[in-house]
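So the structure is just underneath, and the comments pick up after that.
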Amino acid sequence: MEAPKAKKIEKTLEIHGDRRIDNYFWMNEKENPEVIKYLEEENAYADFVMKDSEEFQQELFEEMKARYKKDDESLPYFFNEYWYIVRYEEGKEYPIFCRKYKTLENKEEIVLDVNILAEGEEFFEVANVAVSPNNRLASFSSDNVGRRIYTLNFKDLKTNEILSDKIENTTGKAVWANDNEHIFYIRKDESLRAYKVYRHKLGTNTSEDILIFHEEDETFDVNVFKTKSMEYIFMASSSTISDEHHFIPADNVFAEWKVIQPRIDDLEYSVEHYEDEFYIITNADDATNFKIVKAKIDNCGMENWVDVIPHREEVLLEGFEIFKNYLILEEREEGLLQIKIIDEKNQESYYLPFSDPTYTAYIGTNLEFDTEVLRYGYTSLTQPNSTYEYNLKDKTTKLLKQQEVLGGKFNPENYVSERIWADSRDGEEKIPISLVYHKDTKKSAETPVLLYGYGSYGHTVDASFSNVRLSILDRGFIYAIAHIRGGEYLGREWYEDGKMLFKKNTFFDFIDAGKYLIKENYTSSKHLYAMGGSAGGLLVGAVMNYEPTLFNGIVAQVPFVDVVSTMLDETIPLTTGEYDEWGNPNDEEYYHYMKEYSPYDNVEAKNYPHTLITTGFHDSQVQYWEPAKWTAKLRELKTDNNLLIFKTDMSSGHGGASGRFESLKEDALEYAFLLMINDKR
């Protein structure tokens, strides 16, 4: 079977006196039968190329699935007189949201069974379930396309009736006022930006809903939340580099909204409530790595902010949790997350101890305010996800739940994790790399290594456990994470040095990490592979153009690869809100810089590595046509005989298939592809 050949329709794109020819621009016509035909042809070709691996894919899928507990349930957490649990039943794909009154010995009440709601749907997702303060009603949001446009519904938990109230086109979040009859929700505009906050009274027509706030700045979106104390409702308006928060008492939906601090360029802050004060994490006063301040509720502008935890150049402050007698900090130092306990009564402070060379630790679900107990999570590349309960008074730790890895083959002692530091090309930075491999895997030029990266939005890919990943570790692969610039692994400056006009540092760090692994004899180019999704797809796409022979294979998941055209089109979801991340190409300097690294714009007639590209037809964040166009252009120009496979899930969006186990089929395809091309070499 021959590879599909997409038709070419020349489209001239001109700005700043520069002309680009895009022969595949027509693929953005979602309703065009020719587009559907091309995607289906690519899917058929992908199936043809991978046909010999179908049994192996099924083997991998069953192997991955077998490691999961089929009737698993979440760790119960207590909130407002009820214990809440999310559980799965064997043979069913979707969660069941449950609760028990006061004690876990009491009879279970089913809040929502998603399996019933999902019957007959190819795709189904519930994004948010929220119970009213009086515990009588629940809101829940659903999406049956995968485009992250949610419909809000309401359920009477006493009668189990679904109420007539139905609110379309929302972000999926509902925040209950304390009167149990009003909720606040957010609508999206045509570009899927969260831009309007409404108040809805149950039992009334949505046409009567009150518009509370309209965010007119297209670089901002909005959010609504209730404080942990349950006393205030907040409305946050945020861009990448600026925040503004308004609030009202949760007891009075008709109160006038007050502002904490009006928006200022480059001022970021978020808020939590404690007694008569607000605690605020912010980058004010050049606190690059953030600090915590507090202010009286009646006088909360930044001129009244008082430092609680000052800024530290060597420590990134990522978050905090307030209890009645304790302040808990989430900090990152030299790349590793730490949890700091501060006893507000005696001002004693200390860190929880962690021992793995690379790991993830985080504050868990702690909804109770007056408590001596802290829940926190811990995982590493060799240790499954675990939730611990730490007694803040007694300083004792208890394991509450650890992710079970079934199948009888997993033993953490069989795996080794490391953290190494690669030299950057400028000689000024060291790039951290976290690795894991089976203890029997020897490092050599013949050892396959899968290098994963992201490097955007300040998002840090920490070292965490994956039972899916065991399928390649047990087959001799080393798995590595490159903590490249663009993330915040080494602090806020690590992010700033990988965005806007410094974006190329992200790509060069990844390349340098790959070359370091080769230099240190972990692998060779013949056995080095790269993987990244979304902005990480941009990463591996750019790297393919810069260093096409460095990697033997590339897996690009829902890749953002048509950077210039997308960032010039304000009708596409996310574009305007992304200017602070990538720059605005309507500015000539940013246009030319983007064009230099945009994967689609830089495809040339040369050899490329084996490549697997995936997308979802309903993707709201990276539109399907970006990877489609990229695939077509690569097919047209590449001069090698390496595999190029493009797979579109016609029923999903950015997050892939819905259902608990369906997404494992995507993992099985990717791993089968990597193992297949590695054997070919």
Side-chain angles (χ1 to χ4, degrees), residues 77-81 225-234 236 243 245 247 249-251 258 260-261 268-285 287-333 336-354 361-378 387-398 400:
Y77 66 87
F78 189 75
F79 177 66
N80 193 22
E81 298 191 297
F225 64 94
K226 187 183 280 189
T227 57
K228 182 176 175 178
S229 66
M230 310 302 288
E231 293 184 31
Y232 291 94
I233 293 173
F234 268 84
D243 298 293
H245 288 67
F247 66 96
D251 290 334
K258 296 180 180 179
I260 296 276
Q261 166 61 42
E268 298 175 60
Y269 71 95
S270 60
V271 189
E272 194 44 272
H273 168 240
Y274 175 64
E275 294 185 342
D276 63 344
E277 294 176 316
F278 288 133
Y279 276 61
I280 302 165
I281 186 168
T282 180
N283 66 348
D285 306 316
T288 307
N289 279 332
F290 293 86
K291 63 179 181 176
I292 295 177
V293 301
K294 65 180 180 179
K296 296 295 182 183
I297 291 171
D298 294 334
N299 253 324
C300 52
M302 67 181 296
E303 67 276 7
N304 301 304
W305 292 357
V306 177
D307 282 8
V308 176
I309 304 295
H311 174 253
R312 292 157 292 170
E313 288 188 8
E314 71 283 1
V315 177
L316 174 66
L317 188 56
E318 293 209 340
F320 68 98
E321 188 84 44
I322 297 177
F323 294 91
K324 183 177 181 181
N325 297 316
Y326 302 91
L327 179 62
I328 316 297
L329 306 182
E330 219 173 55
E331 302 178 347
R332 187 184 296 274
E333 186 170 7
L336 298 179
L337 282 162
Q338 301 180 81
I339 296 176
K340 186 176 185 178
I341 314 293
I342 301 174
D343 188 324
E344 296 279 36
K345 283 187 175 180
N346 58 26
Q347 291 303 303
E348 177 189 12
S349 66
Y350 54 94
Y351 290 93
L352 296 181
F354 305 120
Y362 53 91
I363 298 171
T365 302
N366 293 276
L367 300 181
E368 290 295 299
F369 180 67
D370 187 2
T371 179
E372 300 284 347
V373 171
L374 166 72
R375 277 193 182 180
Y376 71 91
Y378 180 85
T387 302
Y388 292 90
E389 184 176 272
Y390 181 75
N391 190 299
L392 296 158
K393 186 177 181 180
D394 300 339
K395 298 183 181 178
T396 56
T397 302
K398 179 170 66 174
L400 297 180

If we ignore hydrogens and angles and just use 3.5 Å, is the side chain of [X] paired with the main-chain N or O of [Y] as donor and acceptor?
X: Tyr274; Y: Lys294; answer: no
X: Thr282; Y: Glu268; answer: yes
X: Asp285; Y: Ala287; answer: no
X: Asn391; Y: Asp394; answer: yes
X: Asn289; Y: Glu313; answer: yes
X: His311; Y: Asn283; answer: no

Rounded distance [0.5 Å steps], [atom1] in [X] versus [atom2] in [Y]:
X: Phe247; Y: Thr227; atom1: CZ; atom2: OG1; value: 10.5 Å
X: Tyr378; Y: Leu352; atom1: OH; atom2: CG; value: 11.5 Å
X: Ile260; Y: Ile297; atom1: CD1; atom2: CD1; value: 8.5 Å
X: Ser349; Y: Leu329; atom1: OG; atom2: CG; value: 9.0 Å
X: Glu321; Y: Leu374; atom1: CD; atom2: CG; value: 8.0 Å
X: Glu333; Y: Lys340; atom1: CD; atom2: NZ; value: 10.0 Å

Which atom pair, heavy atoms only, marks the closest approach of [X] to [Y]?
X: Asn304; Y: Ala295; result: O-CB, 4.0 Å
X: Glu318; Y: Ile281; result: C-CD1, 4.2 Å
X: Leu316; Y: Phe290; result: CD1-CD1, 4.2 Å
X: Ser229; Y: His273; result: OG-ND1, 2.6 Å
X: Ala284; Y: Lys291; result: O-CE, 3.5 Å
X: Phe225; Y: Ala236; result: CE2-CB, 4.3 Å

Contact between [X] and [Y] at the side-chain level, heavy atoms closer than 4.5 Å - yes or no?
X: Val306; Y: Val293; value: no
X: Lys324; Y: Thr371; value: no
X: Ile292; Y: Tyr279; value: yes

Option from Leu327, Ile328, Ile363 for which side chain to side chain contact (heavy atoms under 4.5 Å, CB included) with Phe320 holds: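 Single side chain to side chain contact (heavy atoms under 4.5 Å, CB included) partner of Phe320 among Leu327, Ile328, Ile363: Leu327.
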Within a radius of less than 6.0 Å around CD of Glu314, do more than 12 heavy atoms belonging to other residues, nucleotides or ligands occur? yes
Check whether NZ of the Lys or CZ of the Arg Lys228 lies under 6.0 Å from the centre of the six-membered ring of Phe323 and within 45 degrees of that ring's axis.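 Yes, Lys228 sits over the ring of Phe323.
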Donor-acceptor side-chain pairing of Glu372 and Tyr326 below 3.5 angstrom: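 Yes - a donor-acceptor pair under 3.5 Å links their side chains.
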Would Arg312 and Glu331 pass as an ion pair if we require N to O under 4.0 Å? yes
Yes or no on side chain to side chain contact (heavy atoms under 4.5 Å, CB included) for Tyr77 and Asn366, after CA distance, side-chain angles and deciding distance? CA-CA 8 Å; Tyr77 66 87; Asn366 293 276; over 6 Å; no
Pair Lys258-Tyr232, side chain to side chain contact (heavy atoms under 4.5 Å, CB included): steps then yes or no: CA-CA 11 Å; Lys258 296 180 180 179; Tyr232 291 94; over 6 Å; no
Using the ring pair (Phe, Tyr, Trp, His ring centres under 6.0 Å) rule, pick out the option among Tyr269, Phe234, Trp305 that qualifies with Phe278. Phe234
Quick one: do Tyr390 and Lys395 satisfy side chain to side chain contact (heavy atoms under 4.5 Å, CB included)? Show the steps, please. CA-CA 7 Å; Tyr390 181 75; Lys395 298 183 181 178; 3.2 Å; yes
Partners of Asp251 by side-chain hydrogen bond (donor to acceptor under 3.5 Å, both in side chains), sequence neighbours excluded? Asn178
